[in-house]
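Here is the structure we will look at.
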Amino acid sequence: MSNAEFTPTPNFIKAIIANDLETNKYGGRVHTRFPPEPNGYLHIGHAKSICLNFGLALEFKGRCNLRFDDTNPSKEDVEYVESIKTDVRWLGFDWEDREYYASDYFPQLYEFALRLIRKGKAYVDDLSAEKIREYRGTLTEPGKESPYRNRSPEENLALFERMRSGEFPDGSRVLRAKIDMASPNLNLRDPVMYRILHAEHHRTGNAWCIYPMYDFAHGQCDSIEGITHSICTLEFEDHRPFYDWVLDNLPVPCHPQQIEFARLNLNYTVMSKRKLLELVDKAYVRGWDDPRLPTLAGLRRRGFTPEAIRAFAETVGVAKRESMVDMALLEHCLREDLNRRAQRVMAVLRPLKVVITNYPEGRVEEMDAENNPEDPGAGTRKLPFSREIFIEQDDFREDPPRKFFRLSPGREIRLKHAYYIRCDEVVKDAQGRIVELRCSYDPESRGGGTRDNRKVQGTSHWVSVAHAVNAEVRLYDKLLSVPDAAAEKEEKDFKEYLNPGSLEILKGCKVEPSLAAAGPGRFFQFLRQGYFCVDADSTPEKPVFNRSVTLRDSWAKIEKAQQDK
RNA sequence: UGGGGUGUGGCCAAGCGGUAAGGCAUCGGCCUUUGGAGCCGAGAUUCGGAGGUUCGAAUCCUCCCGCCCCAGCCA
């Protein structure tokens, strides 16, 4: 991976690891893991975790495992494990041969459970789910012990074996840790270790009908893999005592350290798996890879690069306080990356025809155009210029407001890489809509400059009518119309805040001929407008582009300021 | 009102007893054949609040306040 893409920020986890290394806590080893549950697609929040875990391994010369936390067959699926692997790889990380599954450890976990039963530290409880909840007590009141809590190890062993063999229906019994029903930490009030689930698992099939709970399984999986630092999100902080309890009471190879950090929140979007699933399932969006979603598949289709996402993950930092990061930062990271790399091209999104009356009919000139001013090595290309061209509708105003430095009647602008033109006449249709501009050009200005060095109003991009390729362009905007749906005064369902303008499809766009051949995944800067990528739907006959992010637009700011006045 | 966390400019975030890094955003200016990019500059007398310790506190102590998480046989 590139090293110069960002400057590492110190954070408390790095400090802990550096200290552990100094004290030789794990014999100089650093081993992390990224443990997704394959029950949905990965999103930008997961990217933060992936970058953290794999990044730590890279920085401290350790390793990072990919482990699927697949302990609940009722929600998980192979489609998700495949998408997760694709996304992690795409982000630029390599787990080498260390692809693990919690389900690989089911036999081992079962043995550990037996051991706890024999030690009198776990018991089979016949209480119903409702009863268990009742017996758990409340935040302020202690719980009550289950009447089945003091069964003998022999009886528990026999019962647990029968649970495993499928004798009991779902929900009829659970295996619980025997800890303390009066603990102020509810996670220690005899947490459930195993539940009965007659469900087919995507990997183990029907080999099991009892499945371990996350809390019981996670620490052991970490230990079996030799994990040193088990990094998770804040909500697991209360679970740490049980994580430690499990490891302390079992003959495990090592005792990893659980460290919690604050998950990423981004404004103007949704980040919960539940909400993303709902948007996909109920077709509010086109799928998991809809470019409006913060899923990695969506961001990829939108045109985000792994480099930009990694830079973003590094920039937002890692801390323990809950925060809401501004979408503008994510966009900034993309622009910064693409500015260096994207080839500049001409594309007119909302065409306005311009006839250059003093330019010879039938004549075509090949203008030299630089591909990327940020990268001289990117070279140049030829752009066909002729008597009739398209410019952007926004680049002309019949009655220009103050500070509008573009074309208007009588004014002169530069056509990038071509000539200066002056607007002589505005042609309108019966409804009074502007349909064409008649302009004249200055033959002296070829290439975009003149000997007298006179200033022009501005510089516009353009495409020759005869050479233009028709394209569809999809413009994306914020998924939500409010920064934080949960913070709105009246608590409506988040779908009420979906931005109706999050997708705008432009059909009649005109792009320079070189773009016809661009295949899916290629990205460009459409001069003066933004960064765009070729969508998966694109074909040579019908090119389709996605707007990944706009360019910073100071005219838009001025205009807005003028309107606000 | 039990337990666990957390409060540094609009948004993130360094800092760990020696007198407030950095990024995003914002606002100025320069520059410019992208109103892009780039460059320069501005902004917290102040670190949730109040006390205290100290020559000296965002950093230590005390009390108070706010916000988040926990009562799944989800992860």
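Reckoned from all heavy atoms, side chains included, excluding hydrogens, waters and symmetry mates. Proteins get letters first, then strands, A, B, ... in listed order; numbering begins at 1 in each.
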Nucleotide nearest [X] when distance is taken to its side chain, options [options]:
| X | options | result |
| --- | --- | --- |
| A:L527 | B:rU34, B:rA75, B:rC12 | B:rU34 |
| A:H332 | B:rG23, B:rU34, B:rC73 | B:rG23 |
| A:E235 | B:rG36, B:rC69, B:rC74 | B:rC69 |
| A:R335 | B:rA75, B:rA25, B:rG5 | B:rA25 |
| A:K75 | B:rA25, B:rA14, B:rC74 | B:rC74 |
| A:S323 | B:rA75, B:rU34, B:rA13 | B:rA13 |
| A:R195 | B:rA13, B:rU34, B:rC74 | B:rC74 |

What about [X] and [Y], are their ring centers closer than 6.0 Å?
| X | Y | result |
| --- | --- | --- |
| A:F160 | A:Y194 | yes |
| A:F106 | A:Y211 | yes |
| A:W555 | A:F404 | yes |
| A:H239 | A:Y243 | no |
| A:F532 | A:F545 | no |
| A:F385 | A:Y419 | yes |

For the [atom1] atoms, the ones on [N] and on [M], what distance do you get once it is rounded to whole angstrom?
| N | M | atom1 | answer |
| --- | --- | --- | --- |
| B:rG52 | B:rA13 | C1' | 30 Å |
| B:rA75 | B:rC11 | C1' | 29 Å |
| B:rU32 | B:rG38 | C1' | 9 Å |
| B:rG9 | B:rU45 | C1' | 13 Å |
| B:rG66 | B:rC27 | C1' | 31 Å |
| B:rU19 | B:rG10 | P | 25 Å |

- B:rG22, syn or anti by chi within 90 degrees of zero: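 Anti, angle beyond 90° from zero.
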Checking all strands, does [X] fall into the base, sugar-phosphate, or nothing category for heavy-atom contacts under 4.0 angstrom?
| X | result |
| --- | --- |
| A:Y211 | nothing |
| A:E237 | sugar-phosphate |
| A:V318 | sugar-phosphate |
| A:H461 | nothing |
| A:R406 | base |
| A:H417 | base |
| A:P373 | base |
| A:V316 | sugar-phosphate |
| A:K273 | nothing |
| A:R344 | base |
| A:G171 | base |
| A:I558 | base |
| A:N339 | base |
| A:I132 | base |

- Query: Who pairs with A:R547 by salt bridge (Lys or Arg N to Asp or Glu O under 4.0 Å), at least two apart in sequence or on another chain?
  - Reply: none
Let's test this: given Watson-Crick or G-U wobble pairing with both distances under 3.5 Å, identify the partner of [N].
| N | answer |
| --- | --- |
| B:rG43 | none |
| B:rC55 | B:rG18 |
| B:rC30 | B:rG38 |
| B:rC63 | B:rG49 |
| B:rG10 | B:rC24 |

Interatomic distance where [atom1] belongs to [X] and [atom2] belongs to [N] [whole Å]:
| X | N | atom1 | atom2 | result |
| --- | --- | --- | --- | --- |
| A:L329 | B:rG23 | CG | P | 12 Å |
| A:K131 | B:rG72 | NZ | P | 15 Å |
| A:N371 | B:rG36 | CG | P | 21 Å |
| A:D180 | B:rG3 | CG | P | 14 Å |
| A:N187 | B:rG5 | CG | C1' | 14 Å |
| A:D238 | B:rC68 | CG | C1' | 11 Å |
| A:E336 | B:rG36 | CD | C1' | 14 Å |
| A:E141 | B:rC70 | CD | C1' | 16 Å |

Using OP1 and OP2 only, check whether a side-chain N or O of [X] sits under 4.0 Å from [N].
| X | N | value |
| --- | --- | --- |
| A:T315 | B:rC12 | no |
| A:R341 | B:rA37 | no |
| A:R133 | B:rC73 | no |
| A:S183 | B:rG3 | no |
| A:R263 | B:rC68 | no |
| A:R136 | B:rG72 | yes |
| A:R321 | B:rG48 | no |
| A:K557 | B:rU26 | yes |

- Comparing A:N267 with A:R414, nearest RNA chain B nucleotide closer to 5' gives the residue A:N267
- First encountered from the 5' end of RNA chain B, between A:P10 and A:H218: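 Per heavy-atom nearest nucleotide, the more 5' residue is A:P10.
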- Donor-acceptor pair present, A:E374 side chain and B:rG36 base, under 3.5 Å: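 Checked by distance alone, the answer is yes.
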- Considering only heavy atoms and no angle criterion, is a donor-acceptor pair shorter than 3.5 Å present between the side chain of A:Q525 and the base of B:rU34? yes
- Item | A:D395 backbone acceptor or donor facing A:R397 side chain under 3.5 Å |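 No, A:R397 side chain to A:D395 backbone: no donor-acceptor pair under 3.5 Å.
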- Message: If the threshold is 4.0 Å, N to carboxylate O, is there a salt bridge linking A:K403 and A:E559?
- Response: no
- salt bridge (Lys or Arg N to Asp or Glu O under 4.0 Å) test vs A:D190 passes for just one of A:K144, A:K178, A:R149, namely A:R149
